[in-house]
Amino acid sequence: MRPDSSQVREVLADAWERWARRCDELTDEQWSSPTRCTGWDVRALVAHVCPGPAMFDMLNGAAIEGPAAVTDAAVMLRRFNEPGGIAHTAADNLAEQAVADAGQLSADAVVARFTTCARIVRDT
């Protein structure tokens with residue numbers, strides 16, 4: 001049985017709160033530690049996955065005409081990562097953006113973003 005949308009929202013909010021707590025514990029040295037993503041330190045990786053509250057405005061404003069082409073998250077992820085998929089074609093741009101975002105994202109801002117977005121998801 002698939003989880004309903006309220007269960008999915010709760011899991012996502014809980015994950016974001018856990019990220020907030022973990023990021024709040026990181027030392028400066030840990031923030032600048034390299035990751036398996038070439039050229040990315042921990043701060044860049046977190047910048048890549050850290051949501052901003054404006055994301056919800058963008059999602060609420062999105063309009064879809066007709067039925068969705070993909071309705072299963074696993075299928076979407078497979079398409080994303082397949083050879084020639086956006087994970088490959090946009091990788092360099094995403095990496096540059098993550099590094100640029102990291103330079104302007106403090107640990108306190110990360111904690112605030114994850115916490116705020118968890119609250120928004122729960123209140124949705």
Side-chain angles (χ1 to χ4, degrees):
M1 183 168 90
R2 298 184 103 161
D4 66 28
S5 61
S6 64
Q7 291 169 316
V8 171
R9 286 193 309 272
E10 183 58 34
V11 168
L12 180 57
D14 182 62
W16 282 344
E17 287 170 343
R18 288 172 186 262
W19 273 82
R21 287 192 300 273
R22 180 63 183 115
C23 289
D24 195 35
E25 297 169 350
L26 295 175
T27 65
D28 289 340
E29 183 179 345
Q30 290 169 322
W31 273 110
S32 60
S33 297
T35 69
R36 292 184 297 175
C37 298
T38 304
W40 289 23
D41 59 8
V42 170
R43 187 181 305 275
L45 180 62
V46 170
H48 176 65
V49 300
C50 188
M55 170 189 66
F56 295 102
D57 295 333
M58 180 191 68
L59 291 173
N60 287 334
I64 299 173
E65 293 182 22
V70 178
T71 58
D72 182 277
V75 171
M76 183 182 75
L77 192 56
R78 273 193 226 91
R79 285 187 181 183
F80 185 83
N81 287 301
E82 68 187 9
I86 196 161
H88 299 282
T89 60
D92 291 340
N93 290 340
L94 286 171
E96 288 175 20
Q97 188 65 52
V99 171
D101 290 348
Q104 306 198 8
L105 194 60
S106 70
D108 289 341
V110 166
V111 171
R113 277 186 178 190
F114 278 126
T115 303
T116 298
C117 288
R119 188 188 75 249
I120 291 170
V121 164
R122 281 201 174 99
D123 292 345
T124 300

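- Taking hydrophobic clusters as Ile, Leu, Val, Met, Phe, Trp and Tyr residues chained together by side-chain heavy-atom distances below 4.5 Å, Val110 does not share a cluster with Trp40.
- Looking at Val42 and Gln30, their side chains never come closer than 4.5 Å, going by heavy atoms from C-beta outward.
- The side-chain hydrogen bond (donor to acceptor under 3.5 Å, both in side chains) contacts involving residues 100-124 comprise Glu10-Arg122, Glu17-Arg122, Gln97-Asp101, where partners must be two or more places apart or lie in separate chains.
- Expressed to the nearest 0.5 Å, how far CG of Asp72 lies from CZ of Arg79 amounts to 10.0 Å.
- Considering all non-hydrogen atoms of both residues, Trp31 and Cys23 come closest at CZ2-O, 3.6 Å.
- More than 12 heavy-atom neighbours from other residues, nucleotides or ligands sit within 6.0 angstrom of CG on Asp57.
- In terms of hydrophobic clustering, with Ile, Leu, Val, Met, Phe, Trp and Tyr side chains grouped at heavy-atom distances under 4.5 Å, Leu105 and Leu45 are assigned to different clusters.
- Connection of Leu59 to Val11 is not established within any shared hydrophobic cluster, with ILVMFWY side chains joined at heavy-atom distances below 4.5 Å, either directly or through further cluster members.
- Val49 and Met55 fall within a single hydrophobic cluster, where Ile, Leu, Val, Met, Phe, Trp and Tyr are joined by side-chain heavy atoms under 4.5 Å apart, directly or via other members.
- Closest approach of Ala87 and Ala91 over heavy atoms only: O-CB, 3.2 Å.
- No path of Ile, Leu, Val, Met, Phe, Trp and Tyr side chains, each step under 4.5 Å between heavy atoms, connects Val111 with Val46, placing them in separate hydrophobic clusters.
- Annotation for Leu77: atom CG counts as buried by contact number, over 12 foreign heavy atoms lying within 6.0 Å.
- Note on Arg22 versus Glu25: salt bridge recorded, some NZ/NE/NH1/NH2 to OD/OE distance being below 4.0 Å.
- Note that CD1 of Ile120 is 8.5 Å distant from CH2 of Trp16, once rounded to the nearest 0.5 Å.
- When hydrophobic side chains of Ile, Leu, Val, Met, Phe, Trp and Tyr are connected at separations under 4.5 Å, Met76 ends up clustered with Val70, Val75.
- Across all their heavy atoms, Ala98 and Ala47 have their closest contact at O-CB, 3.8 Å.
- For Pro53 against Cys117, the heavy-atom pair with the smallest separation is N-SG, 3.7 Å.
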